[in-house]
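Side chains are part of it too, since the values below use all heavy atoms of this structure and drop only hydrogens, waters and symmetry mates.
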Amino acid sequence: MRIKVDKDSDTLYFRLDEESIIESEEIRPGVILDYDRNDCVVGVEFLGVSARATQEELSSLQFQTS
């Protein structure tokens, strides 16, 4: 999994695996899902991320596992 914050485009992107992206769909305003050839989600992009999180929150992402 890769996570990328792009300050220039104000986006946050989660890449779940390296399968080729075949289709993308904006499921809600500013939330885009990328799908592979099997219709599985391989990426999630959030537009306008600065309105959703502070710079401090983006600079220290936390992960939880169970």
Side-chain angles (χ1 to χ4, degrees):
M1 176 188 293
R2 289 183 293 136
I3 300 172
K4 179 180 179 184
V5 177
D6 187 330
K7 292 180 184 180
D8 293 333
S9 63
D10 196 24
T11 60
L12 173 64
Y13 187 70
F14 292 90
R15 183 63 189 240
L16 304 173
D17 68 37
E18 297 305 315
E19 290 291 321
S20 296
I21 296 168
I22 301 301
E23 184 178 354
S24 297
E25 175 186 19
E26 188 167 14
I27 59 163
R28 302 235 167 151
V31 180
I32 300 168
L33 299 181
D34 292 333
Y35 298 94
D36 67 8
R37 68 179 178 275
N38 297 315
D39 209 28
C40 294
V41 174
V42 295
V44 181
E45 183 174 25
F46 296 92
L47 307 177
V49 73
S50 64
R52 302 170 188 262
T54 66
Q55 287 296 324
E56 182 178 300
E57 290 170 324
L58 291 173
S59 66
S60 63
L61 297 173
Q62 298 180 15
F63 295 93
Q64 290 183 329
T65 61
S66 54

Participant: If hydrophobic clusters are built from ILVMFWY residues whose side chains come within less than 4.5 Å, do Tyr13 and Leu16 share one?
Facilitator: no

Participant: Can you tell me how far CZ of Arg15 sits from CD1 of Ile21, rounded to the nearest 0.5 angstrom?
Facilitator: 4.0 Å

Participant: Is there a side-chain contact between Tyr35 and Val42 in this structure, where contact means two heavy atoms from C-beta onward sitting under 4.5 Å apart?
Facilitator: no

Participant: Tell me whether Val41 is reachable from Leu47 by hopping between hydrophobic residues (I, L, V, M, F, W, Y) whose side-chain heavy atoms are closer than 4.5 Å.
Facilitator: no

Participant: Do Ile27 and Phe46 belong together in a cluster built from hydrophobic side chains that touch within less than 4.5 Å?
Facilitator: yes

Participant: Transitively linked via ILVMFWY side-chain contacts under 4.5 Å: Ile3 with Ile32?
Facilitator: no

Participant: Does atom CD of Glu18 have more than 12 heavy-atom neighbours, drawn from other residues, nucleotides or ligands, at distances under 6.0 Å?
Facilitator: yes

Participant: Using a 4.5 Å cut-off on heavy atoms from C-beta on, say whether the side chain of Glu57 contacts that of Arg52.
Facilitator: no

Participant: Can you hop from Val5 to Val44 via hydrophobic side chains spaced under 4.5 Å?
Facilitator: yes

Participant: Hey, are the side chains of Glu45 and Asp6 touching, using non-hydrogen atoms and a 4.5 Å cut-off?
Facilitator: no

Participant: Would you compute the distance between atom CG of Leu12 and atom NZ of Lys7 and round it to the nearest 0.5 angstrom?
Facilitator: 12.5 Å

Participant: Mark yes or no for whether Glu26, through its side chain, and Gly30, through its backbone, hold a donor-acceptor pair below 3.5 Å.
Facilitator: yes

Participant: Answer yes or no: is there a donor N or O on one side and an acceptor on the other, between the side chain of Asp36 and the main chain of Asn38, under 3.5 Å?
Facilitator: yes

